[in-house]
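Notes for the one structure printed next.
Hydrogens, waters and symmetry mates play no part in the numbers below; they use all other heavy atoms, side chains included. Proteins come first, then strands; the chains are lettered A, B, ... in the order of their sequence lines, and each starts at number 1.
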2 protein chains.
Amino acid sequence: MADIKHFDPDATLDTVVRLFWRQGVATTGIQDIVNATGLNRSSLYATYGGKHELYRAALERYVQDRSRLGLLEEDDRGLPAITDFFTGLIETRCTGEFAGWGCMISNAHAGTENADPAVRAILDRQHQRLRTALHTALLSAQWQRQLAEDADPDSAADVLALLAHGVNLRSRAGADAQQLHRTVAAAITAVARRA
Amino acid sequence: MADIKHFDPDATLDTVVRLFWRQGVATTGIQDIVNATGLNRSSLYATYGGKHELYRAALERYVQDRSRLGLLEEDDRGLPAITDFFTGLIETRCTGEFAGWGCMISNAHAGTENADPAVRAILDRQHQRLRTALHTALLSAQWQRQLAEDADPDSAADVLALLAHGVNLRSRAGADAQQLHRTVAAAITAVARRA
DNA sequence: GGGATCTTGGAACGTTCGTTTCAAGATAGG
DNA sequence: CCTATCTTGAAACGAACGTTCCAAGATCCC
């Protein structure tokens, strides 16, 4: 029968994710991918198709592996869940290996990538996921009497979801982490029950 | 003496702004600019320098011509000024000639453009301008007793500034205008004096 | 109007782009 | 071990990239 692949497509895709995440799709060449993965062009095209399909696969992979949404979705503590979500988000955005990379989803919004309906579908899906997760957490907070009487979980979820995009964007321009922390804390405090 | 330019560099730069605004710098070629402006490559390079300098000039021009900040800065009505600012922003982002283009400043955050210190300086400067304008408007609102007692103009300005980035991003992915309006209204209501 | 000086048109520069091609190499079933 | 089948390496593809060059054209001062 046939030969098998001499590399791990999964590990390779992870490397590609980092390239597209940091540099964007337009400024990342096939040569960059070849250099970073050590793969040959033939293997790349045989495995993933073209550059565009590779980007889509990387974006899906990013959503699965790098999204911090999972933790929020499974955290029913209410406001503390939201606070921790944003705290971890800002930490990831501003320090460590991925500092200054922003969010691959947020970045995709600003580029020409989203002209592709498949890409736009991922962006919309992910935004809805974030909105829903925040909404659920806020409902949970309301149930636990953590919210102000006049707070509306629905609207607050929308606001916080857009706020996350703002955090992602500004972090890519090197925004100060503490400043972002303070801003997010203020937004959360705004819906919290007054002391 | 010498010849004069056979075109209007000002009008040309406006055309270039639209190209970079809509498509981004990486996916806009010199050929695109030549086609859109009708200029020759020689005239382009003699007038503006290279592509990168042209982008910087276009970004500065965008800030001067297209930013809606001026209205906010000169509006001392308090909360209504902020409401109108966001209303106009969303309208520009979602309908008319520039619908789906997002904000050139927000877009620049997500790309590789901001590797250039000069570009990043523009982004930071503009973010500070937005933050300051919102802060001033909120102080004005506080003075006019439009704010809730426990509202903090400083924090609220930070939140709303990040929110604007979120609006810009999501609008580029075709977000619903009414949905954005509702979200922004909720964020503003959160700091307003309760009825 | 002569001539110095800048602008313009258009071709060409070398490089890099994403993609394709094909022979050589590797694998697993018979 | 043979061979069908897939994978890999390396070269090459045409197109597009940003930029440069230079002759031809246009302008204002003297």
Side-chain angles (χ1 to χ4, degrees), chain A residues 1-61 107-108 111-116 118-119, chain B residues 1-59 61 108 111-116 118-119:
Chain A
M1 275 294 188
D3 193 359
I4 59 168
K5 289 193 192 302
H6 298 181
F7 67 99
D8 182 3
D10 242 40
T12 296
L13 193 54
D14 193 72
T15 304
V16 175
V17 164
R18 290 163 197 248
L19 279 179
F20 283 142
W21 181 5
R22 185 175 35 157
Q23 314 187 34
V25 60
T27 42
T28 301
I30 298 288
Q31 188 60 50
D32 296 329
I33 297 171
V34 168
N35 292 341
T37 60
L39 281 176
N40 194 274
R41 297 168 126 80
S42 305
S43 307
L44 267 173
Y45 277 85
T47 307
Y48 303 102
K51 184 189 181 185
H52 208 75
E53 286 113 317
L54 182 53
Y55 172 75
R56 275 196 298 190
L59 195 61
E60 297 265 26
R61 162 62 68 97
N107 296 348
T112 37
E113 301 89 300
N114 74 6
D116 176 8
V119 170
Chain B
M1 274 297 190
D3 194 358
I4 59 168
K5 290 194 192 302
H6 298 180
F7 67 99
D8 182 2
D10 242 41
T12 295
L13 193 53
D14 193 72
T15 303
V16 175
V17 164
R18 290 163 197 248
L19 280 178
F20 282 142
W21 181 4
R22 184 175 35 155
Q23 314 186 36
V25 59
T27 42
T28 301
I30 297 287
Q31 188 61 49
D32 296 329
I33 297 171
V34 168
N35 293 340
T37 61
L39 279 177
N40 194 275
R41 295 170 127 80
S42 305
S43 307
L44 267 173
Y45 278 85
T47 307
Y48 304 101
K51 184 189 180 185
H52 208 76
E53 286 112 318
L54 182 53
Y55 173 76
R56 275 196 299 189
L59 195 61
R61 163 61 69 96
T112 37
E113 301 90 300
N114 74 6
D116 176 8
V119 169

From the options dA26(D), dT20(C), dT8(D), select the nucleotide whose nearest atom is closest to the side chain of Phe7(A).
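Nucleotide nearest to Phe7(A)'s side chain: dT8(D).
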Looking only at side-chain atoms of Ala2(A), point me to the closest of dT27(D), dT8(D), dC6(D).
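Nucleotide nearest to Ala2(A)'s side chain: dC6(D).
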Evaluate the side-chain proximity of Asn107(A) to Phe20(A): yes if any heavy-atom separation is below 4.5 Å, no if none is.
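No, side chains not in contact.
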So how far is it from [X] [atom1] to [Y] [atom2], rounded to the nearest 0.5 Å?
{"X": "Thr27(B)", "Y": "Arg22(B)", "atom1": "OG1", "atom2": "CZ", "value": "10.5 Å"}
{"X": "Arg61(B)", "Y": "Tyr55(B)", "atom1": "CZ", "atom2": "OH", "value": "15.5 Å"}
{"X": "Asp8(B)", "Y": "Thr37(B)", "atom1": "CG", "atom2": "OG1", "value": "12.0 Å"}

Under the side-chain contact (heavy atoms from CB on, under 4.5 Å) rule, what do Thr12(B) and Tyr48(B) come out as? Steps first, then yes or no, please.
CA-CA 11 Å; Thr12(B) 295; Tyr48(B) 304 101; 3.6 Å; yes
Whole-Å distance separating the [atom1] atom of [X] from the [atom2] atom of [N]:
{"X": "His6(A)", "N": "dA26(C)", "atom1": "NE2", "atom2": "P", "result": "8 Å"}
{"X": "Lys5(A)", "N": "dG25(C)", "atom1": "NZ", "atom2": "C1'", "result": "15 Å"}
{"X": "Ile4(B)", "N": "dC29(D)", "atom1": "CD1", "atom2": "P", "result": "11 Å"}
{"X": "Arg41(B)", "N": "dG18(D)", "atom1": "CZ", "atom2": "P", "result": "8 Å"}

Run Glu113(B) and His52(B) through side-chain contact (heavy atoms from CB on, under 4.5 Å) and show every step you take.
CA-CA 9 Å; Glu113(B) 301 90 300; His52(B) 208 76; 6.0 Å; no
Member of Leu44(B), Val34(B), Thr15(B), Ile33(B) meeting the side-chain contact (heavy atoms from CB on, under 4.5 Å) criterion with Leu39(B):
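That would be Leu44(B); it is the only one of Leu44(B), Val34(B), Thr15(B), Ile33(B) passing the side-chain contact (heavy atoms from CB on, under 4.5 Å) with Leu39(B).
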Thr47(A) and Pro9(A): which non-hydrogen atoms are nearest, and at how many Å?
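Distance-wise, the nearest heavy atoms are CG2-CB, 4.4 Å.
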Between residues 42-61 of chain A and DNA chain C, which residues have a heavy-atom gap below 4.0 Å?
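Output list: Ser42(A), Tyr45(A), Gly50(A), Lys51(A).
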Please list, by residue number, the residues of residues 23-40 of chain B whose heavy atoms come closer than 4.0 Å to an atom of DNA chain C; answer none if no residue qualifies.
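Output list: Asn40(B).
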